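Note that ligands are numbered from 1 as they come in the structure, with each ligand's atoms numbered from 1 the same way. All of these numbers come straight from a predicted model, not from anything done at the bench. Excluded from the calculations below are hydrogen atoms, water molecules and symmetry mates; all remaining heavy atoms, backbone and side chain alike, are included.
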Amino acid sequence: MQHSQTQNSAPTIFVIFGITGDLAGRKLLPALLNLYVKKVLPQKFAIVGFSRRNFTREEFRQYIRDNINIKPGQFKEEDVKHFLDHMSYEQGLFDTPESYHRLAEKLQSIDESFKQCSNKLFHLSVPPTLYEGILENLSSSGLTIPCGGDLGWTRVLIEKPFGNDIETAKKLDKRIGDLFSEEQIFRIDHYLAKEALQNVLAFRFANTLFEPLWNRHHVDKVHIKLLEKIDIEDRGEFYDKVGALKDVGQNHVLQMLALVAMESPEEFDAEHIRKERAKVLKHLMPITSKNINDLAVRGQYEGYLHEKGVRPESQTETYFRLETYIENARWKDVPFFLESGKALSESKAEIDIYFKNENEEERQNILTFRIQPDEGIKIRFWVKTPGFGLQVEPKTLKFKYSDFDSLSTLPDAYEKVLFDAFVGDQTLFTSTDEVVHAWKFISPIVELWNHVPMTRYKKGSSYVY
Ligand code: BG6
């Protein structure tokens with residue numbers, strides 16, 4: 001897999017719609033600050049925050065300082081100060097064309113100070129209901145038109161959830177497709193940018209040891225988990241409308257599945273990798289009213305109904321487990337278990353591949369990709385217990401990212417996402433086809449959820465199903 005590591009040197013303006021929202025403070029700004037400190041941002045760059053609130057310049061700076069999710073002492077004060085010098089604010093309403101004209105003037109004045117037409121990245125850090133309005137205003141105000149010949153590309157970054165079901169996703173996609181070309185659209189699924197998940201492909205295709213075994217003849221089952229200790233925190237209002245399956249199943253978990261199961265791409269570039277990921281999602285066996293009871297489990301943690309923003313009778317799931325099958329020659333009849341939940345005993349994202357052992361079923365080799373925390377790879381294998389007998393027992397071969405000498409911490413997924421958006425590499429962003437196929441699989445399950453009894457589980461459970 002080849003990613004450009006070169007600094008994107010052309011002047012660039014990063015516009016964040018919804019700068020006062022949770023995502024900007026928690027993920028985007030720390031990632032941008034890190035990129036700035038690592039000196040991979042263009043020398044001439046600016047961040048423009050756009051939101052409804054009124055701020056003076058000083059109030060805005062203070063607001064960012066108070067809300068940027070960094071630890072005291074994590075960065076030199078001088079770096080933070082210089083980073084803030086690159087930021088400015090534009091007050092506006094998301095649905096008012098006038099606001100976009102003012103934004104355009106602001107961007108133009110920044111271009112003038114750069115003495116060059118700059119690239120523009122527009123990040124939609126707002127609730128999905130606002131996407132369409134913002135995109136339309138961006139397009140009609142001319143803000144997304146490059147300003148000079150080859151210079152000054154424009155790109156839009158959109159967060160998940162991309163639509164709410166197959167219909168809304170298609171409608172949104174059509175709308176976006178009318179306004180922008182596919183090269184301009186960057187649909188974020190931050191799991192794709194997790195270092196240890198990217199390694200799944202590298203590991204598969206760089207090591208000839210496993211590839212011959214990567215199929216239905218040798219793999220017994222695959223278990224993909226995204227378990228979280230945290231509950232829904234203060235996101236009740238959002239979460240109750242969404243539920244675990246749409247929040248992380250439709251995107252993060254299915255993307256983990258796609259990376260494990262995809263065929264080797266013709267080339268290791270965005271176009272071919274995205275095509276292969278989409279093909280896996282396209283071939284998922286549909287879950288229907290006939291099989292849903294055998295293949296799906298849903299759960300809700302006790303106390304969920306008392307969370308702020310949650311409807312008292314809510315049937316929203318905070319846990320799911322699906323048994324899925326990929327209908328192609330490589331994977332036919334191999335179960336892929338997809339599991340995710342909130343308020344569980346531990347937080348971990350992991351992929352376990354169980355290899356068949358026809359003679360001794362319980363004595364399987366297991367290959368584990370740990371996506372987080374303690375990122376790494378483990379192989380369970382069997383060794384003879386020392387002594388006179390011929391018993392064997394399981395042992396583990398381990399690789400941990402923390403063993404890399406040069407590495408204090410892995411780059412955050414958002415750093416990678418934003419860096420790739422700067423350099424225009426779409427590999428780690430989802431394509432239209434992936435989004436549509438993922439919804440085609442998930443939407444019918446959501447519609448049939450009430451066929452599946454709700455399992456109640458205690459907060460902190462280690463086992464729901
Ligand atoms: C988000 C979901 O997309 O992913 C959250 O909306 C979830 O509910 C989060 O907690 C998990 O991401 P990470 O990177 O913290 O594992």
Side-chain angles (χ1 to χ4, degrees), residues 18 21-31 34 69 123-129 131 157-164 169 186-200 224-259 298-301 304 307-310 314 316-320 338-351 369-376 401 409-418 428-430 434-435 438-439 442 446 459:
D22 169 68
L23 183 71
R26 206 160 41 86
K27 298 279 192 190
L28 300 179
L29 293 173
N34 260 304
N69 176 25
H123 186 283
L124 274 58
S125 190
V126 294
T129 45
Y131 288 172
L157 283 101
I158 303 174
E159 288 288 336
K160 61 159 266 285
F162 194 82
N164 188 42
F186 288 69
R187 300 175 196 81
I188 297 177
D189 180 327
H190 76 282
Y191 260 65
L192 281 173
K194 289 194 187 264
E195 187 66 42
L197 191 56
Q198 287 173 54
N199 185 46
V200 171
I224 298 177
K225 304 172 202 158
L226 194 176
L227 312 180
E228 294 185 283
K229 225 170 164 167
I230 51 165
D231 56 24
I232 59 161
E233 298 178 304
D234 50 4
R235 299 163 75 214
E237 214 161 300
F238 158 80
Y239 196 88
D240 201 42
K241 289 192 206 102
V242 176
L245 192 56
K246 291 203 258 180
D247 184 38
V248 299
Q250 187 271 348
N251 35 76
H252 308 331
V253 176
L254 283 185
Q255 285 295 350
M256 289 201 243
L257 168 104
L259 288 171
R298 65 173 176 155
Q300 192 185 72
Y301 64 79
Y304 174 75
E307 302 279 18
K308 194 166 159 256
V310 168
S314 174
T316 298
E317 81 288 355
T318 58
Y319 170 91
F320 69 83
L338 313 180
E339 185 181 19
S340 180
K342 297 255 184 213
L344 298 172
S345 62
E346 60 175 336
S347 290
K348 75 172 175 193
E350 187 170 278
I351 303 171
F369 294 98
R370 175 59 81 87
I371 312 302
Q372 66 186 33
D374 306 325
E375 292 84 350
Y401 275 84
T409 48
L410 287 170
D412 176 72
Y414 265 91
E415 264 180 65
K416 178 77 182 135
V417 162
L418 300 183
L428 303 180
F429 296 84
T430 46
E434 289 172 273
V435 170
W439 275 123
I442 295 293
V446 175
K459 273 182 144 185

Exercise for the section: For the pair Tyr191 and His252, name the ring-plane relationship: parallel under 30°, tilted 30 to 60°, perpendicular over 60°. Expected result: parallel
Exercise for the section: Could you check whether the rings of Phe429 and Phe186 sit parallel, tilted or perpendicular, using 30° and 60° as the cut-offs? Expected result: perpendicular
Exercise for the section: May I ask you to decide whether Asp22 forms a salt bridge with Lys27, counting only side-chain N to carboxylate O separations under 4.0 Å? Expected result: no
Exercise for the section: Report yes if some heavy atom in the side chain of Arg235 is under 4.5 Å from a heavy atom in the side chain of Asp247; otherwise report no. Expected result: yes
What does the contact table look like for ligand 1 (nitrogen or oxygen on each side, cut-off under 3.5 Å)?
from: ligand 1; atom 1: 3 (O); to: Lys160; atom 2: NZ; distance (Å): 2.7
from: ligand 1; atom 1: 3 (O); to: His252; atom 2: NE2; distance (Å): 2.7
from: ligand 1; atom 1: 4 (O); to: His252; atom 2: NE2; distance (Å): 3.3
from: ligand 1; atom 1: 6 (O); to: Lys160; atom 2: NZ; distance (Å): 3.2
from: ligand 1; atom 1: 6 (O); to: Arg235; atom 2: NH2; distance (Å): 2.9
from: ligand 1; atom 1: 6 (O); to: Asp247; atom 2: OD1; distance (Å): 2.6
from: ligand 1; atom 1: 6 (O); to: Asp247; atom 2: OD2; distance (Å): 3.3
from: ligand 1; atom 1: 8 (O); to: Arg235; atom 2: NH1; distance (Å): 2.8
from: ligand 1; atom 1: 8 (O); to: Asp247; atom 2: OD2; distance (Å): 2.5
from: ligand 1; atom 1: 8 (O); to: Lys342; atom 2: NZ; distance (Å): 2.7
from: ligand 1; atom 1: 10 (O); to: Glu228; atom 2: OE1; distance (Å): 3.3
from: ligand 1; atom 1: 10 (O); to: Glu228; atom 2: OE2; distance (Å): 2.5
from: ligand 1; atom 1: 10 (O); to: Lys342; atom 2: NZ; distance (Å): 3.0
from: ligand 1; atom 1: 12 (O); to: His190; atom 2: NE2; distance (Å): 3.2
from: ligand 1; atom 1: 14 (O); to: His190; atom 2: NE2; distance (Å): 2.8
from: ligand 1; atom 1: 14 (O); to: Lys194; atom 2: NZ; distance (Å): 2.7
from: ligand 1; atom 1: 16 (O); to: Tyr191; atom 2: OH; distance (Å): 2.5
from: ligand 1; atom 1: 16 (O); to: Gln372; atom 2: NE2; distance (Å): 2.7

Problem - Distance-minimising heavy-atom pair for Gln250 and Val435 - result: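 Minimum heavy-atom contact is NE2-O, 3.7 Å.
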Practice task
Kindly say whether Glu159 contributes a backbone atom to a donor-acceptor pair with the side chain of Tyr131 at under 3.5 angstrom?
Solution key: yes
